[in-house]
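Down below is the structure, laid out as structure tokens.
Read the numbers this way: they start at 1 and go in the same order the structure lists the ligands and their atoms. Please read these numbers as outputs of a predicted model, since none were measured by experiment.
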Amino acid sequence: MPYSHPSTFMAVFPCEAVHARGRGVFFVCGIMGYVGPRPAVEVLIGGLRRLEYRGYDSAGIALGMAQGIHLVKRAGPLRVLWEELEQNPPPPAGMGIGHTRWATHGGVSDENAHPHLDCHERIAVVHNGIIENAAALRIELESRGHRLRSETDSELVAHLLEEAPGDLLHRLQAVANRCEGAYALLAFDLADPNRLCAVRRTSPIAIGFTENEVFVASGAIALAPWLKRCIYLDDGEMADLRPGHADIFRLHDLAPVQKAFHEVSVSGDLPDAGRHKLFFRKELFEQPAAWRSVMQGRLDEAGSVDLSDTGLTHETLSAVQRVLFLAMGSSLHASQMAVERLQQFAQLPAEAHLSSEFRDTRTFLEPSTLVVAVSQSGETIDTLAALRHARALGATVVGLVNAPGSTIARESDYVFDLRAGAEISVASTKAFTTQAVALDLLASALAAAHGRGPNIESLSALRAAPTIAEDFLEEFRLPNDLVERCAQAPGVIFLGRGQDLSLAREGSLKLKELSYVWSEAFAAGELKHGPLALVDATVPVIVCATDSRHAVKLRNSLAEATARGAYGVSIGADLNATMHIALPIHDATAAYLIGTLPLQLLAVAVAETRGCTIDQPRNLAKSVTVE
Ligand code: AGP
């Protein structure tokens with residue numbers, strides 16, 4: 001990134017658009033480090049800009065020079081830090097670390113922002129994650145006279161490094177063994193010039209180098225402007241980084257570890273919402289292209305599915321007798337739809353588990369069970385933990401991810417790359433529907449492997465879905481009455497049956513995470529068993545009816561609600577609703593995808609009506625990488 005003039009920089013610096021103002025309970029800080037001939041400040045800011053979308057509330061950099069550490073950190077968006085650097089340009093430096101922070105231990109303030117220094121201001125540290133024994137460490141350090149400047153757990157690492165013996169790598173090893181919790185740590189010490197050391201326990205770290213420089217960051221996206229390949233630290237690994245070198249070791253005994261390179265498949269371009277102004281809208285309209293991308297080379301015109309790029313062969317799939325999905329949030333909703341699809345296409349037993357619940361179960365998994373970990377980010381801690389649990393039980397795991405270099409991908413036996421393109425908005429759109437397409441393909445491949453002919457009608461509808469979606473998005477206009485009612489409602493109820501129950505859940509999640517309107521999805525048959533008590537004239541009831549097989553029962557459920565005054569809405573089949581949103585296709589497989597679009601459009605319209613931030617909803621993060 002050119003060290004651009006403020007005017008140029010400001011013009012392309014939409015940091016407020018993605019700046020988070022919430023007080024997250026998730027730890028998705030961004031770390032960045034560099035050593036080499038470039039101006040380190042340029043690389044650090046360029047990398048942090050690409051990590052902004054993860055959400056943060058303060059940012060900072062520390063530059064290491066012979067004469068000392070130049071530390072600049074500010075609460076607020078990255079732009080505030082940049083303005084400070086523009087007004088007071090730092091001395092030239094080829095080594096530095098940077099950070100974007102979500103407040104956890106301690107509020108949002110300049111002092112609590114990272115990087116943190118030791119007492120003598122010779123060591124700088126940035127941290128992503130949580131140090132669970134911070135309180136005890138703080139008491140210990142203060143009792144030995146350390147002057148702690150912030151309320152954070154992260155600063156303790158700088159002071160522990162100050163005390164530890166040996167060179168930086170050994171000292172960081174000793175400190176990591178004192179710290180309990182999940183974290184990624186990156187540090188430098190002026191006593192050890194042109195050297196960074198890092199350690200990973202759960203929070204991801206990507207590393208890349210050229211012949212005379214080295215880069216390190218929380219994710220490959222921050223390395224993309226400079227590198228085409230990188231390596232990833234795994235849990236319990238350390239990195240000793242110098243220009244042109246990245247030596248990797250096991251944390252517990254410093255045994256050298258050989259790492260494979262992975263392609264940096266994301267673009268180096270800065271994320272930009274362009275004419276859509278919101279990443280949510282941009283990604284909503286990118287769905288047809290994403291669906292084409294995930295089907296490319298995997299579904300041909302004859303309806304045959306080829307998943308050989310994932311490693312899943314006909315032989316592998318023919319041995320599968322049960323499928324078990326692990327996922328959270330929207331990824332779970334796609335998985336729940338896939339359970340229906342598998343029973344419809346392949347007549348195979350399948351179940352979808354909330355990862356956070358599965359990881360503690362005593363489930364027995366036969367070797368013939370195929371476990372599918374569904375995760376857009378590939379870093380969701382609960383799904384990663386559930387995957388590890390499943391593997392410990394002997395299962396074969398497929399990672400269906402939008403990040404082929406992610407931890408879930410690297411710990412899976414097979415990787416099904418979603419190829420949906422970067423999804424910046426916290427609320428998922430194209431990743432969710434592209435997961436649904438991918439899982440339709442998986443169900444079809446399993447059907448074929450078990451000798452069941454392809455569902456030609458559904459697969460041809462699937463192939464046509466992108467064009468149908470483009471036409472729908474071009475023509476569909478959301479009724480203002482519905483938007484207003486939802487914006488003012490005390491709550492909104494979504495109903496569905498079969499595949500439409502997962503769609504109802506996704507519609508409810510989109511509405512609540514974007515507009516903060518209370519919403520809940522119920523199985524339509526459940527309505528009379530309690531939820532009907534919630535219904536009155538202020539409550540819109542939205543029924544998802546993309547599978548027409550359930551239309552009669554759904555019509556009855558909706559009638560029960562409208563008889564109590566509810567404003568009834570149907571999407572798909574006509575249920576005699578007050579408002580009917582027809583879909584231009586009846587095949588359930590494709591209608592599920594098209595039916596998602598009005599739900600997404602409704603959620604963002606209600607959120608805009610209520611003045612919400614949309615791309616970065618309060619309290620939420622794009623990827624929940626630490627509990
Ligand atoms: C969906 O809009 C949310 N962003 C959230 O529920 C998300 O789907 C969930 O956190 C799972 O994320 P993953 O797909 O990256 O694992």
Side-chain angles (χ1 to χ4, degrees), residues 18 20 22 24-28 53-55 202-204 218-219 221 278-281 283-284 287 290 325-338 352-359 372-387 397-409 411-412 415-418 420-436 438-439 502-503 505-516 519 521 596 599-600 602-604 607 612-627:
V18 295
V25 292
F26 306 110
F27 315 106
V28 278
Y53 77 95
R54 295 153 62 108
T202 304
S203 300
S218 298
I221 194 169
L278 287 172
F279 286 108
F280 183 84
R281 282 195 183 280
E283 291 148 10
L284 194 163
Q287 290 180 106
F325 296 100
L326 302 172
M328 301 297 289
S330 291
S331 298
L332 177 65
H333 300 153
S335 302
Q336 289 164 338
M337 180 285 297
H353 287 260
L354 192 65
S355 301
S356 57
E357 292 300 307
F358 177 81
R359 59 189 284 195
V372 185
V374 182
S375 175
Q376 189 279 136
S377 63
E379 297 297 347
T380 296
I381 184 68
D382 285 313
T383 302
L384 178 59
L387 176 159
V397 178
V398 180
L400 173 56
V401 297
N402 200 28
S406 61
T407 305
I408 286 175
E411 297 196 15
S412 296
V415 178
F416 193 138
D417 184 357
L418 209 49
E423 186 176 74
I424 303 297
S425 174
V426 166
S428 184
T429 49
K430 64 177 182 176
F432 164 70
T433 51
T434 308
Q435 285 169 341
L439 293 170
S502 73
L503 189 57
R505 287 170 174 152
E506 178 60 13
S508 172
L509 173 60
K510 283 292 129 340
L511 183 66
K512 57 189 150 208
E513 68 177 334
L514 285 181
S515 72
Y516 316 151
S519 167
T596 308
L599 294 171
Q600 295 166 345
L602 174 63
V604 67
C612 298
T613 57
I614 299 177
D615 280 337
Q616 189 69 45
R618 67 184 180 191
N619 308 337
L620 300 184
K622 184 59 184 171
S623 175
V624 181
T625 60
V626 175
E627 278 110 336

Would a distance-only check, ignoring hydrogens and angles, find a side-chain to backbone donor-acceptor pair under 3.5 Å from Asn402 to Ala422?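 Answer holds: no.
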Return yes if some donor-acceptor pair links the side-chain N/O of Asp615 with the main-chain N/O of Phe279 below 3.5 Å, else return no.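 Answer holds: yes.
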Please confirm whether [X] comes within less than 3.5 Å of ligand 1 when only nitrogen or oxygen atoms on both sides are compared.
X	value
Glu506	no
Gln435	no
Glu513	yes
Val426	yes
Lys622	no

Numbering as shown, the atoms of ligand 1 that approach [X] to under 4.0 Å (heavy-atom distance):
X	answer
Ala427	2 (O)
Lys510	1 (C), 2 (O)
Ser331	8 (O), 13 (P), 14 (O)
Ser330	1 (C), 2 (O), 6 (O), 8 (O)
Ser428	1 (C), 2 (O)

Given that the side chain starts at C-beta and the backbone is N, CA, C, O, which of these parts of Leu509 lies under 4.0 Å from ligand 1, counting heavy atoms, or is it both or neither?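 Looking at Leu509 and ligand 1, just side chain atoms fall under 4.0 Å.
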Checking a contact table here: which protein heavy atom is nearest atom 6 (O) of ligand 1, and how many Å away?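 Closest protein heavy atom to atom 6 (O) of ligand 1: Gly329 CA, 3.2 Å.
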How close does the nearest protein non-hydrogen atom get to atom 16 (O) of ligand 1, and which residue and atom is it?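 Answer for atom 16 (O) of ligand 1: Thr380 OG1, 2.5 Å.
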Among Val401, Leu400, Val398, whose side-chain contact (heavy atoms from CB on, under 4.5 Å) with Val415 holds?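 Answer after filtering Val401, Leu400, Val398: Val401.
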Check whether any side-chain heavy atom of [X] lies under 4.5 Å from a side-chain heavy atom of [Y], and answer yes or no.
X	Y	result
Met337	Phe432	no
Phe325	Ser331	no
Met328	Asp382	yes

Compute whether any side-chain donor of one residue and acceptor of the other, for [X] and [Y], lie under 3.5 angstrom apart.
X	Y	answer
Ser428	Ser330	no
Ser425	Glu283	no
Glu379	Ser406	no

Look at atom 10 (O) of ligand 1 and say whether a protein heavy atom is found at less than 4.0 angstrom from it.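 Neighbour list for atom 10 (O) of ligand 1 is empty of protein heavy atoms (cut-off 4.0 Å).
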